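This report concerns only the one structure given below.
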Number of protein chains: 2
Amino acid sequence: MGRQRGGAEPAAAGARPLRRDAELNRRRILQAGREVFAARGLQATLNDVAHHAGLGVGTVYRKYPDKQALAEAVFGEELDEIAAMAQEARAEDDAFAALAGFLERALARAAHNRGLRELMRHGIIEGAGPARARQEITLHCEHLLARARTQGALRDGVTEADIAPIAAMIDAVMALPAEHPSELWRRYLVILLDGLRAHPHQAPLPSLGGAD
Amino acid sequence: MGRQRGGAEPAAAGARPLRRDAELNRRRILQAGREVFAARGLQATLNDVAHHAGLGVGTVYRKYPDKQALAEAVFGEELDEIAAMAQEARAEDDAFAALAGFLERALARAAHNRGLRELMRHGIIEGAGPARARQEITLHCEHLLARARTQGALRDGVTEADIAPIAAMIDAVMALPAEHPSELWRRYLVILLDGLRAHPHQAPLPSLGGAD
DNA sequence: ACGAAGCGGATATGCTGTATCCGGTTTGAG
DNA sequence: CTCAAACCGGATACAGCATATCCGCTTCGT
C-alpha cells in the first residue's frame with residue numbers, strides 16, 4: 001500500500017532505509033567486490049572482499065548472505081555496462097563494424113576482469129539481474145548480426161550462437177600464462193572476425209547443430 | 001642368462017624387477033589414471049584412481065608417491081602419442097594440410113580427454129617425460145610451418161607461437177557447457193585455420209610480441 | 001612351506017572456505 | 001545530551017576435502 005521507492009538501487013522495495021553508515025558500507029562492499037572479483041576471480045572469499053573493503057567479515061555477511069548474492073549484485077552492474085556498450089553499437093551504420101567494435105570493447109574490459117571472464121565461460125551466476133543483462137546483450141547482437149547479413153557483410157551460416165564461443169575463445173587466450181598483461185588476444189580476435197566476415201570464395205562453415 | 005631387461009618401460013634402470021602381480025597392478029593403475037584423468041580432469045584424486053582400478057589406495061600411493069608422479073607418467077604417454085601424430089604429419093606433401101590434419105587429430109583426442117586439455121592450457125605437469133614430448137611436438141610444428149611458408153600457403157607473420165593459443169581456444173570451445181558431446185569445435189578450427197592460411201588481399205596480423 | 005613383497009582401506013592430518021555470534025561502537029531521534 | 005536500536009568487527013566453530021600413512025593380512029615365488 002503505502003510503498004515508496006527511495007531510489008533505484010539503494011534499498012529494496014518495502015524495506016526501511018539503511019542507516020547512513022550502513023549504506024556507505026554497502027557501497028564500499030560492492031566496490032570491493034568488483035575489485036576483488038576482477039583481480040582474483042570468483043573463487044575469492046567474502047572474507048577477502050571484507051578485508052579489501054577495510055570492513056569486518058560480519059558486515060559483509062550481513063549485507064550479502066553469501067558469495068552468490070554479492071556476485072549477483074556485482075556482475076549485474078558489470079553486465080549492464082556491457083549491455084549499454086552493445087546498445088551504443090547499434091547506432092553505427094556499418095553493422096559488422098559495429099559488432100566488431102562492440103566485441104573489442106567488451107573483451108577489452110574482460111581482459112582486466114577475471115571474474116567477468118569466468119562468468120562468460122561457465123554461466124555460473126544465476127540471479128535475475130545478470131540474466132536480464134545477458135538477454136539484452138544477446139538481443140543487441142542478434143540485431144547487429146541481422147543487419148550485417150542484410151548489408152552482405154556476414155559470412156553464411158554465422159549466427160548469434162557464435163558469439164559466446166568466440167568470447168570463450170578469446171578468454172582462453174587471455175587466460176594463457178603470460179608474463180606481461182598482453183594484448184595478444186587482439187591478434188586472434190582479428191582472425192576470428194575475419195572468419196565471420198563474408199569473403200568471395202568461401203568454403204561453407206561446419207554446422208552448428210548436433211546433426212552433422 | 002642371468003639378467004635381462006624385460007622391456008623398455010617396466011622397471012627403472014638399476015632397480016630389481018617388480019613381482020608379477022605388482023607389475024600388473026602398475027599397469028592397471030596407469031590405465032585407470034588415463035581413464036580417470038580423461039573423464040574428470042586433473043583434480044581427480046589418487047583415491048579415485050585407485051577405486052577405478054579396483055585397487056586399494058595404498059597400492060597406488062606405493063607406486064606413485066603423489067598425483068604429480070602419476071600424472072607425469074600418464075601424460076608422458078599421451079603426449080608421446082601426440083608427438084607421434086605430429087611426426088607422421090611431416091610425411092605429407094602439402095605442409096599446411098599436414099599441419100591442419102595434425103591439429104584436427106590431436107584436438108579430436110583432446111576432445112575426449114579433459115586432463116589433457118587442462119594440461120594444454122596451464123602447463124602444470126613438470127616432469128621430464130612430458131617436457132620432452134612437448135618439445136618434440138613444438139619442433140615438428142615448426143618444421144611444418146616452415147615448409148608451409150616455403151610453399152606459400154602460410155599467412156605472413158604466423159609462427160609456432162600461434163599453435164598453443166589456437167589449441168587453447170579450441171579447448172575453450174570444448175569446455176563450453178553443452179548437452180551432448182559436441183563437434184562444434186571443428187567449426188572454429190576451420191575458421192582459425194582459414195585465418196592462418198595465405199589469402200590474396202590480407203590485412204597484416206597484429207603483432208605477437210609485447211612491443212606494439 | 002615360509003619369508004619377503006605386496007595389498008587394502010580405515011583413518012589421522014592439515015587446509016580452506018563458510019558462516020555465526022556477541023561484546024563493543026556508532027547513529028540519530030527525542 | 002541521552003539512550004536504545006542499529007550496526008560493526010573479527011575470533012572462532014564448523015564442515016568438507018584431498019592427501020598420505022600405517023599395519024594386519026594376503027599372495028608370490030623359491
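In the text below, chain A, chain B and the rest are named by the order of the sequence lines, each starting its count at 1. From a predicted model like this one, the values you see are computed outputs, not experimental measurements. All values below were derived from every heavy atom in this structure, side-chain atoms included, with hydrogens, water molecules and symmetry-related copies excluded.
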| task | Could you walk me through whether A:Glu81 and A:Arg34 pass salt bridge (charged side-chain N to carboxylate O under 4.0 Å, His left out), step by step? | result | CA-CA 13 Å; A:Glu81 290 164 19; A:Arg34 286 185 79 128; 3.1 Å; yes
| field | Under the salt bridge (Lys or Arg N to Asp or Glu O under 4.0 Å) test, residues paired with A:Asp80 that sit two or more places apart | value |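 Only A:Arg132 meet the salt bridge (Lys or Arg N to Asp or Glu O under 4.0 Å) criterion with A:Asp80.
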| task | Using the test salt bridge (Lys or Arg N to Asp or Glu O under 4.0 Å), find all partners of B:Arg19 that sit at least two apart in sequence or belong to another chain. | result |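 With neighbours one apart ignored, the set is B:Asp21.
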| field | Nearest atoms (heavy-atom pairs only) where A:Pro165 meets B:Leu176 | value |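 What the structure gives for the nearest pair is CA-CD2, 3.7 Å.
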| request: Could you pull out the closest heavy-atom pair between B:Gly33 and B:Val49, with the gap in Å? | output: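 Nearest heavy atoms, B:Gly33 then B:Val49: N-CG1, 3.8 Å.
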| query | Ion pair present between B:Arg20 and B:Glu23, side-chain N to carboxylate O less than 4.0 angstrom? | reply |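 Salt bridge between B:Arg20 and B:Glu23, a charged N being under 4.0 Å from a carboxylate O: no.
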| What is the bend of the helix from C:dA1-D:dT30 to C:dG30-D:dC1 when you compare the axis at one end with the axis at the other, using five pairs each and rounding to 10°? |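 If I round to tens, the end axes sit 0° apart.
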| query | Just by distance, do the side chain of A:Arg187 and the backbone of B:Pro206 share a donor-acceptor pair under 3.5 Å? | reply |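 At least one qualifying donor-acceptor pair exists.
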| message | Quick one: does any side-chain atom of A:Thr45 pair with a main-chain N or O of A:Asn47 as donor and acceptor, under 3.5 Å? | response |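 Not a single qualifying donor-acceptor pair exists.
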| message | Please list all pairs meeting side-chain hydrogen bond (donor to acceptor under 3.5 Å, both in side chains) that have one or both residues in residues 110-122 of chain A, counting only residues at least two apart or in different chains. | response |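 Output for this query lists A:Glu78-A:Asn113, A:Arg114-A:Glu118, A:Arg117-A:Asp171, A:Arg121-A:Asp171.
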| said: Going by salt bridge (Lys or Arg N to Asp or Glu O under 4.0 Å), name the pairs with one or both residues in residues 40-49 of chain B, residues two or more places apart or in two chains. | reply: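 Not a single pair qualifies under salt bridge (Lys or Arg N to Asp or Glu O under 4.0 Å).
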| task | Could you list by number each residue of residues 36-48 of chain A showing a heavy-atom separation from DNA chain D of less than 4.0 Å, or answer none if no residue does? | result |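 Within residues 36-48 of chain A, no residue comes under 4.0 Å of DNA chain D.
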| query | Which residues within residues 53-66 of chain A lie with some heavy atom under 4.0 Å of an atom in DNA chain D? | reply |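 Only A:Leu55, A:Gly56, A:Val57, A:Gly58, A:Thr59, A:Arg62, A:Lys63 qualify.
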| request: Side-chain contact test, heavy atoms from C-beta onward, threshold under 4.5 Å: evaluate it for A:Leu30 versus A:Glu77 and give yes or no. | output: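 Contact flag for A:Leu30/A:Glu77 side chains = yes.
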| message | Within the 4.5 Å heavy-atom criterion, are A:Ile137 and A:Ile163 side-chain neighbours or not? | response |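 Contact flag for A:Ile137/A:Ile163 side chains = no.
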Side-chain donor/acceptor pairs under 3.5 Å, residues 82-92 of chain B, sequence neighbours excluded:
unit_1  : atom_1 : unit_2   : atom_2 : d
B:Arg90 : NH1    : B:His140 : ND1    : 3.1
B:Arg90 : NH2    : B:His143 : ND1    : 2.8

Identify every side-chain donor-acceptor pair in residues 56-66 of chain A under 3.5 Å, counting partners at least two apart or on other chains, and give the distances.
unit_1  : atom_1 : unit_2  : atom_2 : d
A:Asp66 : OD1    : A:Gln68 : N      : 3.3
A:Asp66 : OD1    : A:Ala69 : N      : 3.0

| task | At the 4.0 Å heavy-atom cut-off to chain B, mark where contacts on DNA chain D begin and end, going 5' to 3'. | result |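 The contact span of chain B on DNA chain D goes from D:dA18 to D:dG29.
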| ring pair (Phe, Tyr, Trp, His ring centres under 6.0 Å) partners of A:Phe37, counting only residues at least two apart |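 Applying ring pair (Phe, Tyr, Trp, His ring centres under 6.0 Å) to A:Phe37 gives A:Phe75.
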| query | Along nucleotides 25-30 of chain C, 5' to 3', which nucleotides get a B, which get an S, and which get a -, given that the test is a protein heavy-atom distance under 4.0 Å? | reply | -BSS--
